[in-house]
Amino acid sequence: EAGVVQSPRYKIIEKKQPVAFWCNPISGHNTLYWYLQNLGQGPELLIRYENEEAVDDSQLPKDRFSAERLKGVDSTLKIQPAELGDSAVYLCASSPRQGDRGQETQYFGPGTRLLVL
Amino acid sequence: AQSVAQPEDQVKVAEGNPLTVKCTYSVSGNPYLFWYVQYPNRGLQFLLKYITGDNLVKGSYGFEAEFNKSQTSFHLKKPSALVSDSALYFCAVHPKADYGGSQGNLIFGKGTKLSVKP
């Protein structure tokens, strides 16, 4: 079974430029998460989708970040414009929605490492 | 505020020796508890989780963790460390609502770097 796929793996851009990250979750997983991982820190949730609905985007900086999961499968996270402080690893994860979601294991992709110059 | 603490930034052990990576949490009720491992330039890999029942949970690669309700801890252990265990380990908790179901989202600790020397 294929895992969570993310692309690109690395991205270097200049500040004020736009950037987009793509995630394809494990087949059949209804729940999709985007996390931000700063150096030396644990992942922090940006947004959580149940199918195509963003059910928790309270931590997403909506002035510059946006996300979509139009068909309830793959998802795109966008930053426009990027700032120096956005340099981090962006992780995507997915889990099957089979009951109490807190019990579910989240499966992570390899992440996209973003460097903003 | 709900939080997860991993008090050691780094743990160093010799190969063959037992290892412990500590985790404590400050979350109301009895949350669901997880351990993940991250190898360089890789995403997080699930190791084990505590949902309910036996306080000692066994997981992948010979790892186990013990839930201690009174100390609000969930330390990760392995009887005999391998060099290949060297990685970054994250403890995470998922809060539960008063009615028993989950609420909020997974909260991660800052991670502990495990170094196993030959």
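Numbered from 1 within each chain, the chains take letters A, B, ... in sequence-line order.
- With respect to chain B, the highest number of heavy-atom pairs below 4.5 Å among A:R9, A:Q37, A:R113 belongs to A:Q37.
- With salt bridges taken as basic N to acidic carboxylate O contacts below 4.0 Å, one links A:E50 and A:R48.
- If you check the side chains of A:W22 and A:S75, you find no donor sitting under 3.5 Å from an acceptor.
- Counting heavy-atom neighbours within 6.0 Å of A:K62 NZ, excluding the residue itself, gives a total above 12.
- Residue B:Q38 touches chain A through its side chain alone, counting heavy-atom pairs closer than 4.5 Å.
- Evaluated for a ring-ring contact (aromatic ring centres under 6.0 Å, His included) with B:Y89, the options B:Y39, B:F63, B:Y36 yield exactly one hit, B:F63.
- Contact of B:I51 with chain A is made through the side chain alone, with heavy-atom distances under 4.5 Å.
- A salt bridge links B:K58 with B:E64: at least one charged nitrogen is closer than 4.0 Å to a carboxylate oxygen.
- Contact count against chain A (heavy-atom pairs under 4.5 Å) is highest for B:N105 among B:N105, B:L88, B:D9.
- Among the candidates A:P110, A:S58, A:P43, A:G111, the residue making the largest number of heavy-atom pairs closer than 4.5 Å to chain B is A:P43.
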